[in-house]
Amino acid sequence: MRAGALRRLLAACGVDPAAEGWLREVLGAEEQLPGCSTLNHDGAPVQVCCSVGAGGERRRLVVDPGYACADRWSRYHFGAATLLRLAPPSLRDALTQLLERAGPAAPAELRRSPGGTLWLAGLPGQAGIAAYLDLGRAQDPWSIAARWLEEALPDPAPAQEAIAALRPVGVPASVALEGSTPDDLRAKIYWRLGAPALLGRLGGGWYEDAIFAPFLRVLLGGRAVRLQGLVFGLGFSVATGALADRKIDVCCCPACRPGDGKDRLAALEEAVGFDLLPLAERLARPGVAPAFVGLGASREGATRLNLYLAPAPGPRWRSDPAPGKSKGPKLESSGPFVGRGDWI
């Protein structure tokens with residue numbers, strides 16, 4: 001039973017069983033959990049993000065809300081209403097602005113969306129919430145992101161400079177808001193490469209830090225990876241407009257890279273510089289499968305490793321593979337990175 005798979009996932013990740021009620025409220029689903037999602041390659045609508053950094057381990061749920069709604073338009077509005085109901089009151093204006101400026105305005109805009117357009121992240125009893133709006137549906141996603149950031153940030157210049165640098169090389173995936181208060185709220189852009197590129201020359205050199213190259217080298221282990229399997233993120237402070245953080249997520253689904261990365265966590269400890277035993281313990285438990293592994297770095301230099309866990313493989317949650325996971329260019333590996341040298 002699918003509901004049973006979600007319970008096993010929560011238990012394996014150490015999430016309080018009381019969170020199941022919150023999860024079912026966000027999913028809007030009955031016991032059998034009908035529907036489909038592109039959050040995971042097999043259609044499952046939930047991930048648990050286990051994050052480790054200098055402050056220890058943190059967890060949160062990432063959910064495709066309105067999973068059981070009959071149509072995409074109803075699903076989007078269910079998710080939007082759920083987001084605003086669960087969000088801290090101090091963040092509702094910023095979240096409303098995100099929905100109004102970057103969300104779909106009419107049902108026709110969702111014809112290209114195979115699953116949910118809005119994803120939520122949070123955990124009951126834990127401060128903060130996140131909202132992610134898919135831009136794959138849009139005809140001109142960079143312009144949507146630019147217009148939203150122009151209004152959302154007091155000084156949009158750093159974000160606009162980033163978009164100008166990314167337009168020639170990147171394909172927008174989503175825009176997002178993450179935070180718990182107006183002071184720590186971040187406006188984020190997530191994007192993928194449109195073609196192979198040098199890691200240290202992406203835009204303003206955001207990923208040339210000594211930590212990102214070893215992370216990719218160790219995690220990928222010389223294997224090939226689809227361009228769609230690498231997701232890059234830039235976050236900007238909503239309080240100031242300044243660049244706040246950078247991130248790279250690597251997809252672990254079979255279509256993007258072989259292997260599940262279980263043997264890589266120990267090697268990653270040296271690359272990232274902190275204890276990953278909590279993540280290794282989560283990954284070793286039954287009922288879970290890795291979906292993404294991500295490394296983030298703040299402007300101040302603090303780093304965190306995120307392991308996104310999905311329900312363990314079982315009966316498919318949908319009858320067809322999730323779009324975007326079975327097609328797309330694949331780079332051949334001839335060095336420590338995907339591609340050659342510092343190319344990704």
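Source: prediction; values computed, not measured. Below, each value reflects all heavy atoms present in this structure, side chains not excepted, and no hydrogens, waters or symmetry copies.
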- Message: My understanding is that only residues two or more places apart in sequence, or in another chain, count here; which of them pass ring pair (Phe, Tyr, Trp, His ring centres under 6.0 Å) with W119?
- Response: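 With sequence neighbours excluded, W119 shows a ring pair (Phe, Tyr, Trp, His ring centres under 6.0 Å) to no residue whatsoever.
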
- Within 6.0 Å of CZ in R58, more than 12 heavy atoms from elsewhere: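 Counting other residues, nucleotides and ligands, CZ of R58 stays at 12 neighbours or fewer.
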
- Message: Just checking D155: does its CG atom have more than 12 heavy atoms from other residues, nucleotides or ligands closer to it than 6.0 angstrom?
- Response: yes

As an exercise, state the distance from [atom1] of [X] to [atom2] of [Y], rounded to the nearest 0.5 Å.
X	Y	atom1	atom2	value
T303	F215	OG1	CZ	11.0 Å
L123	R59	CG	CZ	8.0 Å
L153	L185	CG	CG	9.5 Å
L234	R186	CG	CZ	12.0 Å
F274	L305	CZ	CG	5.5 Å
C13	R285	SG	CZ	8.0 Å

Is any side-chain heavy atom of [Y] closer than 4.5 Å to one of [X]?
X	Y	result
L307	L276	no
W148	L98	yes
L10	P17	no
V46	V62	no
P45	L39	no
E281	E57	no
V288	V48	no
C50	L309	yes

Verify, without hydrogens or angle tests, whether [X] (side chain) and [Y] (backbone) share a donor-acceptor contact under 3.5 angstrom.
X	Y	result
E20	R7	no
R246	W206	yes
D16	A19	no
R75	C69	no
N40	D42	no
R60	C49	no
R101	E151	no
R92	A87	yes

Please check if [X] and [Y] belong to a single hydrophobic cluster, counting links between Ile, Leu, Val, Met, Phe, Trp and Tyr side chain heavy atoms closer than 4.5 Å.
X	Y	result
L149	V171	no
L177	L99	yes
I129	F78	no

- Query: Given the rule in the side-chain contact (heavy atoms from CB on, under 4.5 Å) test, do L295 and L268 qualify, once you have shown the distances and angles that lead to the verdict?
  - Reply: CA-CA 10 Å; L295 181 69; L268 277 175; over 6 Å; no

- Item | Criterion side-chain contact (heavy atoms from CB on, under 4.5 Å) on I189 and F236, from CA distance to verdict | CA-CA 9 Å; I189 312 169; F236 301 88; 4.1 Å; yes

What are the two closest heavy atoms between [X] and [Y], and how far apart are they?
X	Y	value
A138	P141	O-CD, 3.7 Å
P154	V238	CD-O, 3.1 Å
A173	D134	O-OD1, 3.2 Å
V26	V63	CG1-CG1, 3.6 Å
L283	P290	CD1-CD, 3.8 Å
A121	Y132	CB-CE1, 3.9 Å

- Return the orientation label for the W191 and F232 ring planes: parallel under 30°, perpendicular over 60°, tilted otherwise.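 Parallel, since the angle between the ring planes stays under 30°.
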
- Message: Under the criterion side-chain contact (heavy atoms from CB on, under 4.5 Å), I'd like the reasoning laid out for E269 against D275: C-alpha separation, chi angles, the key distance, then a yes or no.
- Response: CA-CA 6 Å; E269 283 194 3; D275 182 17; 3.3 Å; yes

- Item | Check ion pair K247-D245 (N to O, under 4.0 angstrom) |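 Salt bridge between K247 and D245, a charged N being under 4.0 Å from a carboxylate O: no.
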
- Task: Could you go through the side-chain contact (heavy atoms from CB on, under 4.5 Å) check for H41 and C252 one step at a time?
- Result: CA-CA 10 Å; H41 75 97; C252 297; over 6 Å; no

